[in-house]
Every structure is written in structure tokens, then in C-alpha cells.
Trainee: 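Quick one: the structure is below, and I'll ask about it shortly.
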Amino acid sequence: MSRQVPFVWYELMTTDATGAADFYGKVIGWRIGEAEPGSPMDYRMILRDDGAPTGGLLALTAEMQAGGARPAWVPYLGTADIDATLAAIEAEGAQVLMPRTDIDEGAFAMVTDPQGAPFYLMQPTPREGSPDGQSHAWDREKAQHARWNELATSDPAGARAFYAKHFGFEFNNSMPMGAAGEYSFIDFDGQGLGAVMPIMDPARPPSWLVYFGVESATAAKDAIEDAGGFVMMGPHEVPGGDWIVVATDPQGAAFGVVGPQGA
């Protein structure tokens, strides 16, 4: 049995849950559910056509925004022992933005890596009916799933060492980008999960960029623009024959889509 891919969940933090639901419904085809009645926060499931979730949507409150929270997509990386992992990564310069919190689905904490890129740690509770504990938010080939995870960082060598040590990432191949440096591919258990690259824009802080699968990159680009998003790049062909688009949604969260060129 293959090991659990480290990327177990994805979260959209947004200032407009209703607007984001409309936008991503048009661009990717997701249905975003309603907030749970009585919940202390507005958190909604991001559901695929198969009824399973790719992630969750967190509506940012005024208090969260006053504390510095901004619209963004943030990945969750799984761990078998959240307390041990928190202690280990803090010792290497990671910062804890939100301490361990326990919910029915497991324990999580929001952190940054030593270079400042935010992500969540998650120790999932095994789900009934899923004895292997596998998350199905990630799938390298399928639409409406996360398909690629790209880290832009101020210290690629340091980031590679950090994620290799604590999350089992392997870096077996890279692609030269000229003066911009190397595009280092992330491998895990024989799968390509994404890449680590130098920050191209000095004004951009270190961050993860998540690419979601679509049936047509061309149609997704048109839908992004029609629904009020902003296309930063693409459609652009990448090695292997897929096409990508990098964009921001109307609230400012950056994301990518990947799939066939389509029409």
C-alpha cells in the first residue's frame, strides 16, 4: 500500500464566502456547502462532483483581518505526531501562527516554515469507513482535485532540506530556469507532488501556490476573467503536455489550474 501523500487538505481563506463559492463554481465546478449552524466560525466544505471534499473555506472575520489574515490558499501537511513535529520545526526556525487546536477530524496548527511560507500541520483522526486513513483531496490526474503544489521561497536549498527532513519530500530532479535558478521537483513515494522554486518577484513573500485540476485550461482562463478574477499567466504549456493558468480570485487569493489545453 502506498504511503499517505503529505498534502491532506487545502483551505481557502476569504473575505467573501458567497462570492468565492460563485467564482470557484464557475471556474472549477465545485459546490461549496453552507456553514454549520452553531459553529463558532464560518467554515464550509469545498465539494467535488463526486460529493467528496477537496478542502474547506474559512470566512475571515474582521478580527482575523485585523490580525493580519488575508485571502489565500493554504495547504495542510499531515503528521503522525503533531506535538513532536511542532517542537522539531520550531527548533529549526519555523513560527507558530496558531497553536494546536483539536476538533473531531484531528489536531491542527497553523505555522510558517523557516523562510515564512504559511501552512497547516494536521494529525488526522482516522475516518470511519476509510481504514487506510487516506486523504482524497489530492490526485495527480483528476479534475476538481489539487494536482500540483508549488513553493516559491527566498531560500530554496533551506526549504528543500526542511521539507525533506520533516515531511519526507524527495528532490531527485530539477529544471533550469536560467538566471531565475532551479525548479526543483518534489517527489514522494514515486509521485510528483509539485516543486520548489526561487521567488521571482522580490515583493512577494514566500508562499505555496496550489494548482487545481480542470477539464480545459482555456475554458478556465475565460471563466476566471468572466467571473471577476485576474489572470497573471497562461494558458501556458508545461512539460508532460498539460496547460496551466495562474490567477487570483476576486478577493485576491492566488491559485493555479492545470489540465488539457481544451477549447
Side-chain angles (χ1 to χ4, degrees), residues 6-48 51-79 82 86 94-113 116-125 127 135-138 144-147 149-151 205-212 224 227-230 247-257:
F7 293 95
V8 297
W9 193 250
Y10 297 87
E11 182 172 285
L12 173 62
M13 300 190 301
T14 183
T15 52
D16 181 359
T18 301
D22 179 70
F23 175 82
Y24 287 102
K26 292 174 178 174
V27 173
I28 299 179
W30 290 326
R31 179 179 65 83
I32 296 179
E34 298 298 322
E36 287 293 324
S39 172
M41 63 180 65
D42 186 346
Y43 201 87
R44 312 180 185 199
M45 294 296 105
I46 298 172
L47 302 170
R48 303 188 298 267
T54 291
L57 180 154
L58 173 64
L60 296 173
T61 64
E63 182 180 2
M64 292 173 182
Q65 294 175 63
R70 296 290 181 268
W73 279 97
V74 185
Y76 281 62
L77 292 173
T79 176
I82 190 170
L86 278 170
Q95 301 294 313
V96 177
L97 302 180
M98 185 178 73
R100 171 177 174 157
T101 301
D102 289 82
I103 56 175
D104 290 344
E105 290 76 17
F108 68 95
M110 191 177 192
V111 300
T112 72
D113 65 23
F119 65 97
Y120 286 95
L121 276 179
M122 181 78 182
Q123 181 181 327
T125 299
R127 293 172 297 157
S135 165
H136 300 286
W138 158 268
Q144 297 188 350
H145 294 68
R147 285 189 51 184
N149 307 277
E150 189 176 85
L151 175 63
S207 60
W208 284 96
L209 180 69
V210 184
Y211 290 76
F212 299 103
I224 289 166
F230 177 73
T248 57
D249 66 23
Q251 290 72 48
F255 70 103
V257 298

Trainee: Look at atom CE of Met98 and say whether more than 12 heavy atoms of other residues, nucleotides or ligands are closer to it than 6.0 Å.
Mentor: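 Yes, the 6.0 Å shell around CE holds more than 12 heavy atoms from other groups.
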Trainee: May I ask you to test the Trp138-Asn149 pair for a side-chain heavy-atom distance under 4.5 Å?
Mentor: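 A side-chain contact exists here, since the closest heavy-atom pair is under 4.5 Å.
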Trainee: With rounding to the nearest 0.5 Å, note down the distance linking CD1 in Ile46 to CZ in Arg31.
Mentor: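 Answer for the CD1-CZ pair, Ile46 versus Arg31, is 12.0 Å.
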Trainee: If you look at every heavy atom in Asp42 and Ala35, which pair is closest and at what distance?
Mentor: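 So the two residues come closest at OD1-CB, 3.2 Å.
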Trainee: Which atom names give the shortest non-hydrogen contact between Leu60 and Ala69, and what distance separates them?
Mentor: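 Smallest heavy-atom distance, with atoms named: CD2-CB, 3.8 Å.
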Trainee: Is there a donor-acceptor pair under 3.5 Å between the side chain of Gln144 and the backbone N or O of Ile28?
Mentor: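 Checking the backbone N and O of Ile28 against the side chain of Gln144, a donor-acceptor pair under 3.5 Å is found.
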Trainee: Indicate the atoms forming the closest heavy-atom contact of Ala137 with Val8, along with that distance.
Mentor: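 Smallest interatomic distance, heavy atoms only, reads CB-O, 3.9 Å.
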Trainee: Check for a donor-acceptor pair, side chain of Thr112 on one end and backbone N or O of Pro118 on the other, with a separation under 3.5 Å.
Mentor: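 No; judged by distance alone, with no hydrogens or angles, the pair does not exist.
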Trainee: Can you find a pair of side-chain heavy atoms, one from Val210 and one from Phe255, that are under 4.5 Å apart?
Mentor: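 When only atoms from C-beta onward are counted, Phe255 and Val210 do not touch, as no gap falls below 4.5 Å.
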Trainee: Considering residues at least two apart in sequence or located in another chain, which fulfil the salt bridge (charged side-chain N to carboxylate O under 4.0 Å, His left out) criterion with Arg100?
Mentor: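 Arg100 satisfies salt bridge (charged side-chain N to carboxylate O under 4.0 Å, His left out) with Asp83, Asp102 once adjacent residues are dropped.
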Trainee: In this structure, which one of Tyr120, Trp9, Tyr10 forms a side chain to side chain contact (heavy atoms under 4.5 Å, CB included) with Val74?
Mentor: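 Running side chain to side chain contact (heavy atoms under 4.5 Å, CB included) over Tyr120, Trp9, Tyr10 with Val74 returns exactly one hit, Tyr120.
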Trainee: At their closest point, which heavy atom of Ala59 faces which heavy atom of Met64, and how far apart are they?
Mentor: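 Where Ala59 meets Met64 most closely, the heavy atoms are O-SD, 4.1 Å.
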Trainee: Once you round to the nearest 0.5 Å, how far does CG of Leu58 lie from CZ of Arg44?
Mentor: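 These two atoms lie 10.5 Å from each other.
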Trainee: Taking the six-membered ring for Trp, are Trp30 and Phe212 closer than 6.0 Å centroid to centroid?
Mentor: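 When the ring centroids of Trp30 and Phe212 are compared, they turn out to be within the sub-6.0 Å range.
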Trainee: What's the separation between atom CE in Met110 and atom CD in Glu11, rounded to the nearest 0.5 Å?
Mentor: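 Here the rounded value is 7.0 Å.
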Trainee: Give the minimum heavy-atom separation between Ala109 and Ile82, together with the two atoms involved.
Mentor: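 So the minimum-distance heavy-atom pair works out to N-CD1, 3.9 Å.
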Trainee: Could you tell me the separation between the CE atom of Met122 and the OG1 atom of Thr79, rounded to the nearest 0.5 Å?
Mentor: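 Reported value, rounded in 0.5 Å steps: 11.5 Å.
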Trainee: Side chains of Leu121 and Phe108, heavy atoms from C-beta outward: is any pair under 4.5 Å?
Mentor: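 They are not in side-chain contact.
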Trainee: According to side-chain contact (heavy atoms from CB on, under 4.5 Å), who are the partners of Asp22, at least two apart in sequence or on a separate chain?
Mentor: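 Testing Asp22 for side-chain contact (heavy atoms from CB on, under 4.5 Å), a comparison that skips the adjacent residues, returns Lys26.
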Trainee: Which heavy atom of Thr15 sits nearest to which heavy atom of Pro71, and what is that distance?
Mentor: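 It is CG2-CG, 3.9 Å.
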Trainee: To the nearest 0.5 Å, what is the distance between OH on Tyr43 and CD on Glu34?
Mentor: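 Nearest 0.5 Å value for the OH-CD distance: 15.5 Å.
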Trainee: Could you list all the side chain to side chain donor-acceptor pair (under 3.5 Å) pairs where at least one residue sits in residues 58-74, not counting sequence neighbours?
Mentor: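 Checked against side chain to side chain donor-acceptor pair (under 3.5 Å) - neighbours excluded - the pairs reaching residues 58-74 are Tyr24-Trp73.
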